[in-house]
Amino acid sequence: MMPLRRFAIHRPADLGEAAEMLDHYGDTGTLYAGGTELLLAMRHDLLRYEHLIDIKAVAGLDRVERRDGHLYIGAGATHRTIERSAVCRELLPVMSEMEANVANVRVRATGTLGGNLCFAEPHSDPATLLLALDGTARAQGKSGERMLSMDELLAGAYENSLAQDEVLTGVDVPLPGPSQRNAYLKFQVHERPLLGLALSLELDDGGDIREARCAIGCVSPTPCRSEAAESLLAGPADSVEQRLQEAAAALADEAALTDDREGSAEYKRHLIGVLLHRAARKCLNRDG
Amino acid sequence: MSDDKGRDFEVVNRSVPRRDGRAKVSGRALYVSDVKLPGMAYAKVLRSPYAHARIVSMDTSKAESRPGVYNVLRGDDLEGLNPYFGHAVKDHPLVAIDKVRYAGEPVAAVIAEDELTAYEALEFIHVEYEELPAVMEPQEALEPSAPLLHQREFEAGALRGFEGEVTAGRGTNLCQEHHIKWGDVDEAFAKAAAVVVAEYYFPMAYAYAMEPYVAIAEVGDQGVTIYSSAQHPFMVRHDLKTIFDMPVSQIRLIVPFVGGGYGSKSYTKIEPLVSACAWKARRPVKLQLSVEEAMLTTRGDDALTWMRTAVDADGKIIARQAKIYMNTGAYAENSPLVCEKSSNRCVGPYAIPNVQIDNQMVYTNTVPASSFRGFGCAQVTMAGESQIDELAAKIGMDPYEFRVHNAAQPKQEFFPGMRPFDGTLTQDLKIVADNLGWKEPLPDGHGRSIGCSASDAGAYPLTSTAVRVHADGSASLMIGSTELGQGSHTVLPQIVAEELGVPFDLVRVVSSDTAITPYDRSTGASRTTTLMGRAVQEASREAMEQMVRMAADVLGVKESEIATVRGGITCGEAKLTWSEVLTRYYRLPDGEVIGRAYIRKDGDFAQLPVFWEAASTGIEVSVDEETGKVTMEKLGTCGDVGLAINPALAEGQDIGAATTGMGIGMFEELEFDRNQLLNGNLLEYRLPRFSDMPRTVKLELVQNRDGVGPYGAKGGGEASLNSLPANIANAVYAATGARIRRAPLTPEKVWRAIRDARAARGENES
Amino acid sequence: MSKDRPALVELRFELNGKDVAVECEPQQTLSEVLRGRLNLTGAKISCEVQVCGACTVLVDALPVSSCTYLAYEAQGRSVTTIEGLEGRDRTLHPIQQCFIDEFAFQCGFCTPGMILSAKALLDDNPDPTDDEIIHHMDGNLCRCTGYVPILKAIRKAAAVMKEARG
């Protein structure tokens, strides 16, 4: 058995107290929001903390609700909560579907969106999808709230850009209009995905693509987009379909792929093309 | 043995529910990990970060002075013990002495009041190492310039399980070699109508017994008592006898339920280390490894097999030659026997007139390898059954028909000197072919394969048992066979109930306590139903013979006047149950009779193997050619088991073995890089899951009662694994035209092979 | 507070229908408390990385990996372990009985977790399709059975439970 080293648990009543605790404990403390990744890393001695600040006790952080033109997903919402949320299923079904396939049923019951994003594990499903959906993170610090794009939040592998006293409170995801088509696909061999690919297309009345956002995850330190790919993905549907391979190559270039145990850079490059074709077919209803 | 072919069975050959069912579904089944002894301390192990290094110095004082720490066990402080163990080759120190031979080898153990305290103390041990060059591949390890793992000469273990010499310890990294030769292969290949020659690889695999290695030891005035998850408690006892220089009567191994074995808990593992901790700390000590530590303890032997096979113009196999390099890692463990068995298993199940097999088992600086379900057969059947398909393709024959055309026939001595074949492969193959719909058309992207194997199984026949029949008509069965999940605690009392005519529920099983239960060599090699089953049958009959004599005594008649009937005897008008016989004999409604049996290499068991473990398996796969992902759509197995004492349990063994074979065929492989195990955890070592299982599964048993076990039974439980990796390679070939000779067939490997095959055919990648 | 020994947690929760109170250390997992302090050893420890499911228990009816679930989080919650499934009259839960009937285990090490995971499914979705069973159970590993008998047992248990509800 691999025991966890000793630490103290703190349960702030509100975000202000949480921010103060984070500030106070500095490098010896960290937020605890579900533990499905943090506790594994601590068990393997990859991380050591003397203080865990349990943010889940803070009221209201687990809400999933419609707010203006956004779907607000609280950082404390578990994968399961999001998967089961009626409002998420109705307004952003791609998010529910993605969450239904994160890890396994036990991880989904305890792991939270906030924990997942802040831990910044490169194989995160939610991070990749939220990047494509243009989600905005809300961070609350001692001096107030600030908004960060997913790109800004995810600073690197296992690294977020929150200040010492900041807490991620939730994510705002713009509600898709009737002309938006979204897909999230992943390919997995081991316990974590080898590649995740999220595609979000804005169609015009004729079914052509007005705007595209596409993100790939798992194959670079943080999920990434490619401007070149997205411009190739916009335009008349038929011509976009001709350019999918080129767009996939642009994404692969952007990701600066490397060989690892999940697969060679060459294989990942190939799979980006496969998943992009499949996602495009799904978005454009080409699967029949 | 009396002929009972015409017998109507009452209890055996029926799928009675598992004896351990209620305990296992209610969480009450006791495993060693659940055992706590009063005053028990806990050990944690410090492991080497280097694959090969000299231990220059070790400072344990800081760790020892921490609150709650009792002792630190180290390799230079074992005065009074014989610290090397190994039933085949005594090459394995219970904790590293002077040097380490693989990354992950135990170098010290902290014994403390609880696990966390022991664990926290580990980082206060300071070890200075001088790193030595490491060697990870067998062929490199055989180079004269290769770093030498073992400098000592070794004694061959008396219980090594084979008759040949041990070749370890002769100044090279060769651990064992084995050679087989008959006929003239060169001449046969020269005149062959077609030949296939290629190289195949079977990976290092991890058995993943869900319960990692665990043991509790106590060393006291009575000797050494160990609770262990060992498959072979009597073999472990023999190793500990040497370590402590005590008679076997003073070494007691107790094995409760075992959370999976699959060979990985065969022979001695952590028992020497934990008993040395208990000896040092003078209190009971528990050592519970994590899965990640278990992955650093034992793995399966990987094998690189060069093989060529030849056929004549009639499609008859006329020759096979193989050169095998196997990798035992840092210590011999049971690999010398795996070396012999894998060599033997290159031949079957085909009758081949010219054979030459040369096998070298080599030490490297990797995790020690030992027994793993399939035991050498799976390794070489990857080569053999792939090559059968390649050869069939070459001569334009259907691979199923090619197998039927060449399979060993019943009673044929296809391996000179060994027991004639006791199975019916053509029948087995036909059942699987029919269940797969062999001739039916397939959708695009699908492929089918069928395979078979035969292993010289059963290990060495040395087994004993006692059946105690109590005066109230119940019985206790004393067996040294461990319940690993295979169902021995259900199958064996079925035999007692069948023989004595007492209800199954009245037969209690007492098992696996070397101080109490009679000797049984091992629980492995699919031997328990055959050997222990036969012993249980004979012991039951011996108890009945005694009770017939008792009945003659109480009735005042000659034994010859007494007839046995189900559950008792008759004599003229008189009819007595066993309970009545015993009660009248002892003149008290209590007391018992003890029936005994001893099985040795004699009589039905004089010729080895004890039986041929044969099976056929077949699969249908679909291949996503874009990603290379293989999905198993159908699985068919046919176990050639003689007679299934409990058919549901026998079929359960077949699907379980096939699933492990599928795992190794599709994704399981321990990988090393820069001298370290790279994927030593379950996040990265991929095991078969629910969603990997085929939607169509057809399990069948052939029951010709052609074995030497009770009622004609033979063993099962490994054979369905052996042909699965080759089946996957063959089915992928059938689906895509890409031939892959290295397992596992991961998506990337399949994708590359498809691309290469297309390029070779002159097609563009689509 | 001492840096080495953080304060103990006074833990109270409902365990298999009864209130329990126990002290634990903050870093202790639920499985350590269940197995070590409360002598409920049905939850087994295997992979310790939330992959295998052997340690599954239900917290407020949801399956969690008790090896990686901090014990203090059970405060005020309802925990169900395998030991809590039998009825007071010792009748087995239909899932337990179906596991026996269908030979859905061999070594038994995965079984408590399998059964609890299946219970969470069937309590939430009484009539699951095979695909739903497989999706839900995909995070519980078994090295012995090849899963097929477990699928059959869960299917059968769903039918038995449905019939019992009338």
Side-chain angles (χ1 to χ4, degrees), chain A residues 1-11 24-25 28-29 32-57 76 78-81 83-84 97 99-112 115-116 121 188 190-192, chain C residues 1-9 11 24-32 35-36 44-73 75-76 113 116-118 120-121 124 132-141:
Chain A
M1 211 187 77
M2 300 185 282
L4 289 164
R5 292 185 187 279
R6 294 173 217 275
F7 50 74
I9 280 283
H10 308 276
R11 313 196 80 189
H24 177 74
Y25 291 117
T28 68
Y32 170 67
T36 57
E37 291 170 308
L38 177 69
L39 295 180
L40 299 194
M42 290 177 70
R43 170 167 276 155
H44 287 91
D45 250 353
L46 301 171
L47 294 173
R48 279 198 199 185
Y49 294 105
E50 289 163 32
H51 302 274
L52 295 194
I53 299 154
D54 181 353
I55 195 75
K56 295 191 305 305
T78 62
H79 300 295
R80 184 178 193 279
T81 301
E83 172 196 345
R84 301 282 179 121
E97 284 162 28
E99 289 287 14
N101 290 291
V102 166
N104 60 50
V105 68
R106 298 179 306 282
V107 170
R108 293 196 291 273
T110 50
T112 60
N116 182 293
E121 212 281 340
Q188 190 164 343
H190 298 113
E191 190 61 22
R192 293 176 174 139
Chain C
M1 162 196 342
S2 143
K3 187 179 147 188
D4 283 326
R5 302 277 162 142
L8 292 175
V9 178
L11 182 59
C24 72
E25 295 173 32
Q27 84 289 346
Q28 282 187 314
T29 62
L30 184 55
S31 66
E32 286 175 274
R35 291 177 51 84
K44 299 298 179 213
I45 303 304
S46 186
C47 77
E48 300 184 83
V49 287
Q50 301 211 35
V51 170
C52 76
C55 67
T56 303
V57 302
L58 306 184
V59 177
D60 290 343
L62 294 184
V64 305
S65 299
S66 65
C67 78
T68 313
Y69 184 92
L70 295 179
Y72 86 88
E73 294 219 54
Q75 190 73 266
L116 287 168
S117 200
L121 170 70
D124 181 57
E132 286 168 338
I133 295 173
I134 291 166
H135 178 74
H136 178 93
M137 299 300 295
D138 208 28
N140 284 75
L141 297 181

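Within every chain, numbering begins at 1; the chains are lettered A, B, ... in the order of the sequence lines, protein sequences first and strands thereafter. Both backbone and side-chain heavy atoms feed into the values below; hydrogens, waters and symmetry mates do not.
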Problem set entry | Structural part of Thr36(A) lying under 4.5 Å from a heavy atom of chain C | both
Exercise. Nearest heavy-atom pair of Val105(A) and Ser117(C): which atoms, and what distance?
Worked result: CG1-OG, 4.2 Å
Seminar exercise, completed: From the list Glu73(C), Glu32(C), His136(C), the residue making the most non-hydrogen contacts under 4.5 Å with chain A is Glu73(C)
Exercise. Rounded to the nearest 0.5 Å, how far apart are NE2 of His135(C) and CG of Asn104(A)?
Worked result: 10.0 Å
Exercise. If you round to the nearest 0.5 Å, how far is CE of Met2(A) from CD1 of Ile45(C)?
Worked result: 10.5 Å
Problem set entry | Which portion of Arg108(A) sits near chain C, non-hydrogen atoms under 4.5 angstrom | side chain
Exercise. Gln27(C) and side-chain contact (heavy atoms from CB on, under 4.5 Å): which partner among Leu39(A), Leu4(A), Ile9(A)?
Worked result: Leu4(A)
Problem set entry | Thr78(A) side, atom OG1; Leu62(C) side, atom CG - distance, nearest 0.5 Å | 7.5 Å
Exercise. Side chains of Met1(A) and Ser31(C): does their closest heavy-atom pair fall under 4.5 Å?
Worked result: no
For this session: Could you tell me which portion of Gln28(C) (side chain, backbone, both or neither) has an atom closer than 4.5 angstrom to a non-hydrogen atom of chain A?
Result: neither
For this session: Please look at Arg84(A) and chain C and tell me whether the side chain, the backbone, both or neither of the residue comes under 4.5 angstrom of a heavy atom of that chain.
Result: side chain
Exercise. Do Val49(C) and Arg43(A) touch side chain to side chain, with heavy atoms closer than 4.5 Å?
Worked result: no
Problem set entry | Part of Asp60(C) lying under 4.5 Å from any heavy atom of chain A | neither
For this session: Please check if the side chain of Glu191(A) supplies one atom and the backbone of Val51(C) the other of a donor-acceptor pair under 3.5 Å.
Result: no
Seminar exercise, completed: Between Ala109(A) and Pro63(C) the two heavy atoms that sit nearest each other are CB-O, 3.5 Å
Exercise. Would you find a donor on one side and an acceptor on the other, under 3.5 Å apart, between the side chain of Arg106(A) and the backbone of Gln50(C)?
Worked result: yes
